[in-house]
Amino acid sequence: MPRSFLELFGVTPQAVAQAPGRVNLLGEHTDYNDGFVLPCAIPQTTRVEIAVSPDRLDHFVAEDLGQRVDCEPAGAVPPGFAAYLHGCLRLLRDGGAGIPPVLMKVDSQVPMGSGLSSSAALEVAVLRALRELFRLELDDVRVAQLAQKAEIEYAGVNCGIMDQMASSLADEHHMLFLDTRTLERRLLPLPQGAELLVLDSGVPRRLEESGYNERRRQCEEAARLLGVPALRDVQDPAQLAALPEELERRARHVVTENLRVLEAAQGVDARRFGELMNFSHRSLRDDFEVSIPPLNLLVQLLQGEQEVFGARLTGAGFGGACVALVREGRGAELGELVLARYREKGQLGTLLVPRR
Ligand code: GLA
């Protein structure tokens, strides 16, 4: 039986906050190129309970992970989930927020390693809990920026701002169209007559071990060779021909993906939106090379269904989940059907959205 905050720490929490994971519909690997993204929040959330610590240490518990960490506020970065908590606290404390040692209990429904931003949900939930308890003057964009900084500096992933902005500002019923350079944004409705289906491939992914940081370096190198501040500044894929072959493919993914997001954000119908998702998957698979065979199989099975408008891998790739746009009201049934076919091929996936 999971223990309550009171059972763990002997006091009741003084504040509680939560934040959702996200699924990205279009605009993958564009955020660290100053480009455009289109994520949605998912129903799964991470919840953080907090109180002031009775001693001079921070105490962090994640019952579902079976982890407890007691650490010095200004000491070494702790391992595992605690690094994110420590990172968020450290950034605020270094910024002069005057936060005393704390007790924090974390519970997450956001699956880890599925490309649904369990870490952003954790960071945003932690910052929201701290904001509430210590009445910090932080708006939702500032929360996302601090969360991203914690991820880069304390978890070692040189990520963009999409996940933290989505967790901090998006909801389940809209897509967040975000310009990651200016942070201009709009909430848009999903195409009419459609809903989202998210399936986990059963192959976990760990960002820091994957080629994520390497892809980012390649994009920066391509921008440098082209003499632009970021790949966002290239609108025509023909301009990429001067690049070495591999960098050309990486850059072509980013440039064409930005065009797909911009088209989708104009309000296309479900059929066209689905097509754009299919093109996105092909580009991630062939040009950006962040897919793996089980993700390709799952996407292919989804795309083969009549009531599926389109499907692609979602998140950084190298494992994790696929997202599909499907006929409204048909998500759960289609999901089970496709998972049964996936199982016949020896792969074990799970239905994540819609939630059963
Ligand atoms: C991860 C990163 C994001 C983004 C995606 C790929 O989720 O945290 O910033 O780069 O990968 O689109």
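Bear in mind the structure is a predicted one, so any value in this text is a computation, not a measurement. Start at 1 and go down the list; that is how both ligands and their atoms are numbered.
By the side chain to side chain donor-acceptor pair (under 3.5 Å) test, Gln239 pairs with no residue at all, sequence neighbours left out. Taking the side chain to side chain contact (heavy atoms under 4.5 Å, CB included) definition, one finds that Asp286 meets it with Arg282, sequence neighbours left out.
The pair Arg250-Glu246 meets the salt-bridge criterion, with a side-chain N (NZ, NE, NH1 or NH2) lying under 4.0 Å from an Asp/Glu carboxylate O.
Shown in contact with Asp163 at under 4.0 Å from a heavy atom are these atoms of ligand 1, numbered in order with element: 1 (C), 2 (C), 3 (C), 7 (O), 8 (O). Ligand 1 places these atoms under 4.0 Å from at least one heavy atom of Tyr212: 1 (C), 2 (C), 3 (C), 4 (C), 9 (O), 10 (O), 11 (O). Against a heavy-atom cut-off of under 4.0 Å, Gly160 is close to the following atoms of ligand 1: 9 (O).
Judged by distance alone, the side chain of Glu195 and the main-chain N or O of Gly329 form a donor-acceptor pair under 3.5 Å.
Shown here is Arg271, whose CZ atom has no more than 12 heavy atoms of other residues, nucleotides or ligands within 6.0 Å.
Ligand 1 has an N or O atom lying under 3.5 Å from an N or O atom of Asp31, backbone or side chain. On a distance-only criterion, Tyr32 and ligand 1 share no N/O pair closer than 3.5 Å. Note: an N/O pair closer than 3.5 Å links Glu28 and ligand 1 by distance alone. Residue Met162 places no N or O, backbone or side chain, under 3.5 Å from any N or O of ligand 1.
At a 4.0 Å heavy-atom cut-off, ligand 1 touches Arg22 through the side chain alone.
Ring pair Phe60/His86: centre-to-centre distance not below 6.0 Å.
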